[in-house]
Amino acid sequence: MCGIIAISSDKQVAAALLAALKQLEYRGYDSAGLATLEKNKIHTARAQGKLAALEQKLKTRAPPGSTGIGHTRWATHGRPSEQNAHPVIAEVGGKSENAVAVVHNGIIENHAKLKQELARQNLAFHTDTDTEVIAQLTSLNLAAGLPPLEAVTETLKRLEGAFALAFLFSRDDTVIGARRGSPLAVGQSDNTLALGSDVLALAPIARQIAYLEEGDIVVLSGDTPRLFNAAGENIQPQWKAISPSSLQIGKGQYQHFMQKEIYEQPAVVGETLDSFLDPARLRASFPEFPFDTGSLRKVLLSACGTAYYATVAAQYWIEGVAGLPCSAEIASELRYRDPALGGTDLAVFVSQSGETMDTLEAARMVARAGVSRLAVVNQGESTLARECEMSLLTRAGAEIGVASTKAFTTQLALLGCFALELARAGGVSDERLRAYGSALMELPSRLYEALTLDERVSAIAADISRARHALYLGRGAMYPLALEGALKLKEISYIHAEGYPGGEMKHGPLALVDDEMPVIVLAPSGPLFGKIASNAEEVMARGGRVLLISDAEGLASFGGEPEWVLEMPSCDVFVQPILYALPVQLLAYYAACHRGTDVDQPRNLAKSVTVE
Ligand code: F6R
């Protein structure tokens, strides 16, 4: 989603702004731009499409100045175009001293009303964006004689919705940043102050960063940033040194970030298990919870997209292993429902970024019902982590590919450990817990083994990449993996795909089966193998083309001859949902490669969905 950068330094900033925007590319965008200030004049460069188009423009004319703001835009209001790209400029009365440039992440919900009001004052609008009302209001405030900080403060009072903003003024070598709902961080190093949507953008520029809290405003001018809280009080930034690992975002030997991230899974799942599993006692090991795990009556899990599918798998574990009532809810639905919740319930929100707007709002809604909240995040400083009573960190490291891979498996690993913790608190025997714990301990090795299927998956993906539709089937805790497999395929290869519980085939989807649509059947050996194997047979009996993904035992007992088979390493049923994530990720990855799509930045998608 939109990325923001601002730099105030003693050197020309256009190149540094562009470099920082490159760090933000992974968030997904469809146009980009920057504005700089030199001798009380704002200079801009904007381009539709990838940053290469903006870079090309900068080669012929780099905007001059040592202070500037930059933006990657993921269109919400107004189509992607150069005209709608940020920074958005306003200059009330055509007077250059009133000029202001604004970059924005979020949505101004009352923009239509504000636009009508401003149009009545004969202000002309030049873009279709909601952002332009922010620029116009601020310029109007400057024209009324307010200095920049007051002009911004007055503008913010008029805005409804979520935003992170950076303003650049013609009259003053100052950048102002503001946050309400969308993340923004301030950074500093020798002679440089900066703002950025995330640590990745700031890592090459700043040695230390501080995240803005809700309602904060920051002023970049002089040697140090001045920070004000929502009450207007001057406060001290809570500086944190940037760790060297936050700089390591190269692709290394891999062709794509997604491929690299798939390959990192044995290591990062291992690190996540190291944090939440005691290897000596084979028991889950968590810091003290701010709620009593032994007296919980119900667990509500909620998330969006891939993270939601992790919660669906966890629902099987929490019910099946810990014996606790549990439901998994899509956050964008949950936030508008009125779920029956009580003080002995726990709500767990799962999010790689910790900034997904629907997940945040669902968590806020649940807080109003007085329920304890636990965040499972990959970004420890994220809004979700900070707002929930407790947060637990997956150890995936920076995930750059828009399609989530290692975040998903680390979420599963953490939630698996959490299910064991709930089981322990619920009195499940040590012997059973140790069996589950030992299955988790072995998981990183099984993940390594699964990666050796790479070439075979690539060959199968070459066939599947020619299909227009695909179906994924699973049962039990493999059903969410079927959903995840279908999501991965559609988002990066643009092949239409659906995930279904195998038992539902006869209730409709069987009508789709023909000799063109591949049906990917996730069928590890275990209690439900016979059931899913029958579903695969039913597809094949109707001329369907099946890819059977199973282990040696499953394949040996399967009667028919599927068009393709993948033999997975054997593992305990408990960890199958984690292990089987790898072949579905690799299948989607190679199908996308064969089709030549933009694997790391699929069209129309954003990495972190910070608007509703
Ligand atoms: C799909 C994908 C998305 C995210 C979803 C939630 O590959 O990455 O579906 O899982 O947008 O994002 P987070 O986990 O950041 O809340």
Side-chain angles (χ1 to χ4, degrees), residues 1 3 26-28 74 105 181-183 197-198 200 256-259 261-262 265 301-314 328-335 348-364 375-385 387-388 391-394 396-412 414-415 472 480-495 497 499 581-582 584-589 591-592 597-612:
M1 225 131 256
Y26 78 99
R27 296 165 70 94
W74 188 83
N105 172 16
S182 303
S197 293
D198 64 29
L200 292 177
H256 298 102
F257 280 109
M258 181 178 178
Q259 186 188 26
E261 287 157 8
I262 290 173
Q265 290 177 105
L301 307 166
S302 188
C304 295
T306 288
Y308 165 67
Y309 298 145
T311 67
V312 180
E329 314 268 354
I330 294 173
S332 55
E333 289 297 315
L334 177 67
R335 63 178 286 195
V348 182
F349 295 93
V350 180
S351 173
Q352 187 283 127
S353 60
E355 302 293 348
T356 300
M357 183 57 72
D358 284 319
T359 309
L360 277 170
E361 287 300 334
R364 289 170 185 155
V376 172
V377 292
N378 195 39
Q379 308 288 340
E381 294 296 328
S382 59
T383 310
L384 188 67
E387 287 191 11
C388 287
S391 70
L392 298 171
L393 196 64
T394 52
E399 190 180 67
I400 303 296
V402 162
S404 187
T405 52
K406 59 178 181 166
F408 177 64
T409 44
T410 52
Q411 284 160 356
L412 286 170
L414 195 159
L415 290 167
Y472 285 72
L481 267 291
L483 295 171
E484 171 61 2
L487 177 63
K488 284 287 94 90
L489 190 71
K490 60 186 147 194
E491 72 180 320
I492 58 168
S493 75
Y494 315 149
I495 297 171
L582 264 58
V584 297
Q585 292 166 353
L586 284 171
L587 193 66
Y589 171 71
T597 55
D598 189 344
V599 172
D600 284 331
Q601 290 169 33
R603 67 184 180 203
N604 304 336
L605 296 183
K607 178 71 186 160
S608 164
V609 182
T610 52
V611 295
E612 183 172 359

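In each ligand, atom 1 is the first atom listed, and ligand 1 is the first ligand listed.
- No donor-acceptor distance shorter than 3.5 angstrom exists from the side chain of N105 to the backbone of T610, with no hydrogens or angles considered.
- With a 4.0 Å heavy-atom cut-off, ligand 1 is reached by the side chain of K488 but not by its N, CA, C or O.
- At the shortest separation from atom 3 (C) of ligand 1 among protein heavy atoms lies T306 N, 4.0 Å.
- Residue contacts with ligand 1 for V402 involve N, CA, C or O but no side-chain atom from C-beta outward (heavy atoms, distance under 4.0 Å).
- Protein heavy atom nearest atom 11 (O) of ligand 1, with residue, atom name and distance: V609 CG2, 4.1 Å.
- Close approach of ligand 1 to S353 is summarised as follows: ligand atoms under 4.0 Å from at least one heavy atom of the residue are 13 (P), 15 (O), 16 (O).
- When each atom of ligand 1 is checked for a heavy atom of E491 under 4.0 Å away, the hits are 1 (C), 7 (O).
- Comment: R335 engages D358 in a salt bridge, judged by a side-chain N to carboxylate O separation of less than 4.0 angstrom.
- Side-chain atoms of E355 and S382 form no donor-acceptor pair, as typed in the model, at a separation below 3.5 Å.
- Taking only nitrogen or oxygen atoms, main chain and side chain alike, Q411 does not reach within less than 3.5 Å of ligand 1.
- When heavy-atom distances to ligand 1 are checked against a 4.0 Å cut-off, E355 has no atom that comes that close, whether in backbone or side chain.
- Looking from atom 12 (O) of ligand 1 to the surrounding protein, the closest heavy atom is T356 OG1, 3.5 Å.
- Inclusion of T359 in the set of residues having an N or O under 3.5 Å from an N or O of ligand 1 is not warranted.
- For the 3.5 Å distance criterion, the side chains of T306 and K488 qualify, holding a donor opposite an acceptor.
- Inspection of the Q265 and Q585 side chains reveals an N or O donor paired with an N or O acceptor under 3.5 Å.
- Of the possible polar contacts, none joining the W74 side chain to the R27 backbone as a donor-acceptor pair under 3.5 Å is found.
- Q352 and E399 are not linked by any side-chain donor-acceptor pair at a separation below 3.5 angstrom, with hydrogens and angles left out of the test.
- Closest to atom 5 (C) of ligand 1, if we only count protein heavy atoms, is C304 O, 3.6 Å.
- Residue contacts with ligand 1: S608 is excluded, as none of its non-hydrogen atoms falls under 4.0 Å.
- Checked by atom type, the side-chain pair Y26/D198 shows a donor-acceptor distance below 3.5 Å.
- In this structure, L200 CG and I400 CD1 are separated by 5.0 Å, a value rounded to the nearest 0.5 Å.
- Near A307, meaning under 4.0 Å from any of its heavy atoms, are these atoms of ligand 1: 10 (O), 14 (O).
- Summary of contacts: the protein heavy atom closest to atom 14 (O) of ligand 1 is Q352 N, 2.6 Å.
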